[in-house]
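First up is the structure itself, then whatever we jot down about it.
Numbers restart at 1 for each chain; the letters A, B, ... are given by sequence-line order, proteins then strands.
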Amino acid sequence: MRTSQFPLNTVKETPSDAEIASHQLMIRAGLVRKLAAGLYNWLPLGVRVLQKAQAIVREEMNNAGALEVLMPVVQPSELWQESGRWEQYGPELARLKDRHGREFCLGPTHEEIITELARNEIKSYKQLPLNYYQIQTKFRDEIRPRFGIMRSREFIMKDAYSFHLSDESLQQTYDRMFQAYTNIFTRLGLNFRPVLADTGSIGGNASHEFHVLADSGEDAIAFSTESQYAANVEKAEALAPTEPRADASEVLSKESTPNQRSIEDISTFFNIPTSQCLKTLLVKGDDDSVIALLLRGDHTLNEIKVEKLDGVLTPLTMASDEDIQKVAGCNAGFIGPIGLDIPIIVDRSAAVMANFTCGANENDMHYRNVNWGRDLPESNSIIDIRQVVEGDASPDGKGTLTLARGIEVGHIFQLGTKYSQAMNVSVLDENGKNKVMTMGCYGIGITRVIAAAIEQNHDDKGIIWPTALAPFQVALLPMNMHKSERLKSATEKLYIELTEAGFDVLFDDRKVRPGFMFSDMELIGIPHRVVLGDRGLENGMVEYRARTDSDNQDIPLDNIITFLKAAINQQ
RNA sequence: CGGGGCGUAGCGCAGCCUGGUAGCGCAACUGCUUUGGGAGCAGUGGGUCGGGAGUUCGAAUCUCUCCGCCCCGACCA
């Protein structure tokens, strides 16, 4: 391709509303342009990258035995009513009516549709297991789209859905998908980790997320220092402390603490560590009740864990000021478990605290040196409800946890029978008996993968594409070609040779200054650069430089094709 | 939805407080010079100042209202 035929829509200035590197660079390199909040146009250069990513995903999905289908973006409400998600989903589901007043939505995902397709098309157990996938646009009316392509409202996703007669068969396909995902992200040149995940609103049993590691990631991931254990912090279990509880050595006292509301306030006021303070949170229960959650002061609540508990209202809702006044008789900031007559759930770490400080259920008052058993009854609901922190013991018993940030680019689930049951998807088994199919589902955010790749691979000059994603492999740059016939014909000749040798070449035939060409090619991240100048040609030499190098290499013109083949294969 | 901010040329912004000729930089286009790291000079085009209503002799500027966008908190590929 020639730049005269393939305009590069690069911009020198960094857009003011772009926060993270990938967003800035995708705009600057001319991959995308914003149309409206969370909606983007993809320019020719961006489309080339998208196609590279899609091709790899297709290949690996096909290799893993999945079959490509294509389902509509616009979906009839009836199916969503049937699964119950028309009511559940809320405003994130974009709804619309056709001219007849019939209700539809823009698909945020395709479980309902695939289930409908499967129950019509899969008639015998002999057709199972079956794994359908598609690469399709999704729309989710996100509360707050941000970070450009990373969290847009419309995005492209590869989603696959598998159908099985047994859990063993589901596990087999799940494992196969796990491997396919590993292959895909490896081929894409990403530094990623599969981690144990929560199953979230989609529901189901086993689940892994695939995260690209990047500081700008929106998720926190916990890794074991000693083993392969890795989990989303939402999911990572905080084990019960192994140290025994200290003795109740100090005398209980009640002290005046005017205006000392937060854990930090109290910690400073009494000059004690925050880990010696007890945090009491009140949340709403199922039936208009209020439930108390107790945590060590330096720990934070894990909402996902709490939402799974019986009796707790989902989604998790903090008690109102009126509720707090009613059950505790004080304002938030002075609540404590002593004398509190509501269900109390105690975090494992909070249960081994001794001589701790907590609110006295009286404004401007706290208790000091409180002890379980002595000053309040031992709890019989001690449960893990906190977020793990760096240094916690790894849940598999090997090593401790470290935390890192990740971008979720893939997610695989064992759905079980959640949708097949609700939507009555069954086949006849060997014995002629009706059997509800069990399902798996497997997603990859294609557009997000592009953003994540940039997030992980860039420098101050621009994008550094992994070979597999690069829109072009080789940039062919003649220096002031318009001034030299010899240079022009040599470059044209090399362009043809490279193209015939199978390289994706971007030949910069614009009449622009060298510095301009260099900057453009670095910004758009072409991995390999070949520069031709009159000086070098005198000696039959061209210059080569990888995007990651800081120096040129002189290569004989006659060898350049062999050289490039080796350079590309090496990566 | 709650809190904060913004909307003026394709992009980035000034002007608004204190009402009176709509500006600067970059980009685009033309010409000349320049040509190994985002060139220089000269010139040209480009605006419903987010929309509407109001106050005023007069509104980008003051008031009201609607719309859009961005940032901070609850979702997910």
(request) Whole angstrom is fine here: how far is it from CZ in A:F210 over to C1' in B:C76? (result) 17 Å
(request) Could you measure between the two P atoms, the one in B:C13 and the one in B:G19, and give it in whole Å? (result) 27 Å
(message) Within the 4.0 Å heavy-atom criterion, would you say A:R545 contacts the bases, only the backbone, or no part of the nucleic acid?
(response) base
(message) Can you check the distance between B:U55 and B:U8, where both ends of the measurement are the P atom (answer in whole Å)?
(response) 27 Å
(message) Given the structure, check if the side chain of A:R146 and the base of B:C71 hold any donor-acceptor pair shorter than 3.5 Å.
(response) no
(message) Here's a test of your reading of the structure: between A:P15 and A:E234, which maps to the more 5' nucleotide of RNA chain B?
(response) A:P15
(request) Tell me what A:V11 touches on the nucleic acid: a base, only sugar-phosphate, or nothing, going by heavy atoms under 4.0 Å. (result) nothing
(message) Applying the Watson-Crick and G-U wobble criteria at under 3.5 Å, what pairs with B:G54? Answer none if nothing qualifies.
(response) B:C62
(message) Both A:G443 and A:T14 contact RNA chain B. Which one's nearest nucleotide lies toward the 5' end?
(response) A:T14
(request) Please measure how far the P atom in B:G50 lies from the corresponding atom in B:A59, and state the result in whole Å. (result) 15 Å
(message) Tell me the interatomic distance from A:M318, atom CE, to B:G73, atom P, rounded to whole angstroms.
(response) 17 Å
(message) What's A:E13 touching, base or sugar-phosphate or nothing? Going by heavy atoms closer than 4.0 Å.
(response) base
(message) Heavy atoms from C-beta onward define the side chain here; which of B:C71, B:C69, B:C76 lies closest to that of A:A36?
(response) B:C69
(message) In whole Å, I'd like the distance from the NZ atom of A:K461 to the C1' atom of B:G37.
(response) 9 Å
(request) Consider only side-chain N and O atoms of A:D159 and A:Y161, and report whether a donor and an acceptor are under 3.5 Å apart. (result) yes
(message) Taking 4.0 Å as the cut-off, does a side-chain nitrogen or oxygen of A:K34 come that near to OP1 or OP2 on B:C70?
(response) yes
(message) If the glycosidic angle sits within 90 degrees of zero it is syn, else anti. Tell me which applies to B:U21.
(response) syn
(message) Rounding to an integer number of angstrom, what distance separates B:C26 and B:G38 when you compare their P atoms?
(response) 15 Å
(message) With rounding to the closest Å, how many angstrom separate the C1' atoms on B:U56 and B:G20?
(response) 12 Å
(message) Between the base of B:G37 and the ring of A:F516 - centre-to-centre under 5.5 Å, planes within under 30° - is that a stack?
(response) no
(request) Output the single nucleotide from B:C70, B:C26, B:C76 whose closest atom is nearest the side chain of A:D17. (result) B:C70
(request) Would you kindly check if the NZ (Lys) or CZ (Arg) of A:R95 is within the cone defined by 45 degrees around the ring axis of A:W80 and under 6.0 Å from the six-membered ring centre? (result) no
(message) Any donor-acceptor pair, under 3.5 Å, between the side chain of A:R140 and the base of B:C75, if you only look at N and O atoms?
(response) no
(message) Check this for me, if you would: do A:R187 and A:E59 make a salt bridge, where the nitrogen-to-carboxylate-oxygen distance has to be below 4.0 angstrom?
(response) yes
Using distance only, find each side-chain donor-acceptor pair of residues 468-478 of chain A under 3.5 Å and give its atom names and separation, not counting sequence neighbours.
{"unit_1": "A:Q473", "atom_1": "OE1", "unit_2": "A:D504", "atom_2": "N", "d": "3.0"}

(request) Report the base-pairing partner of B:G7 (Watson-Crick or G-U wobble, both distances below 3.5 angstrom), or none. (result) B:C67
(request) Specify the separation, in whole Å, of atom NE2 of A:H411 and atom P of B:C75. (result) 14 Å
(message) Can you confirm whether more than 12 heavy atoms, excluding those of A:N62, are under 6.0 Å from its CG atom?
(response) yes
(message) What is the separation between atom CZ on A:R448 and atom C1' on B:C76, rounded to the nearest whole Å?
(response) 6 Å
(message) Tell me if the aromatic rings of A:F192 and A:H211 count as close, with their centers under 6.0 Å from one another.
(response) no
(message) With rounding to the closest Å, how many angstrom separate the P atoms on B:G10 and B:G51?
(response) 13 Å
(message) How many whole angstroms separate atom CD of A:E111 from atom C1' of B:C76?
(response) 12 Å
(message) When both hydrogen-bonding distances must be under 3.5 Å and the geometry is Watson-Crick or G-U wobble, what is B:U44 paired with, if anything?
(response) B:A28
(message) Between B:A42 and B:A27, how far apart are the two P atoms, rounded to whole Å?
(response) 15 Å
(request) Determine the contact category for A:D219: base if any of its heavy atoms lies under 4.0 Å from a base atom, sugar-phosphate if only primed atoms, P, OP1 or OP2 are that close, otherwise nothing. (result) base
(request) Let me know which of A:E455, A:E19, A:R448 forms a side chain to side chain contact (heavy atoms under 4.5 Å, CB included) with A:F147. (result) A:E19
(request) Have a look at A:S152 and say if it touches a base, only the backbone sugar-phosphate, or nothing, with a 4.0 Å heavy-atom cut-off. (result) base
(request) Could you check which nucleotide pairs with B:C16 in any of the strands shown, counting Watson-Crick or G-U wobble with both distances under 3.5 Å? (result) none
(message) Using a heavy-atom cut-off of 4.0 Å across all strands, would you classify A:I446 as base, sugar-phosphate, or nothing?
(response) nothing
(request) Identify, with sequence neighbours excluded, every residue that meets salt bridge (charged side-chain N to carboxylate O under 4.0 Å, His left out) alongside A:D459. (result) A:R547
(request) Could you please name the option among B:C72, B:G37, B:C26 that lies closest to any side-chain atom of A:R144? (result) B:C72
(message) Between the side chains of A:R151 and A:E218, is the shortest nitrogen-to-carboxylate-oxygen separation below 4.0 Å, so that they form an ion pair?
(response) yes
(request) Go along nucleotides 30-36 of chain B 5' to 3' and tag each nucleotide: B for a protein heavy atom under 4.0 Å from its base, S when only backbone or sugar atoms are that close, - otherwise. (result) ----BBB
(request) Rounded off to whole Å, could you give me the CG-to-C1' distance for the A:D460 and B:G37 pair? (result) 13 Å
(request) Determine the Euclidean distance between corresponding C1' atoms of B:C76 and B:G7; express it in Å to zero decimal places. (result) 30 Å
(request) Identify whether the distance between the nearest side-chain nitrogen and carboxylate oxygen of A:D549 and A:R529 falls below 4.0 Å. (result) no
(request) Return the value, rounded to whole Å, for the distance between atom CZ of A:F147 and atom C1' of B:C76. (result) 14 Å
(request) Searching all strands shown, indicate the nucleotide that pairs with B:A39 (Watson-Crick or G-U wobble; both distances under 3.5 Å). (result) B:U33
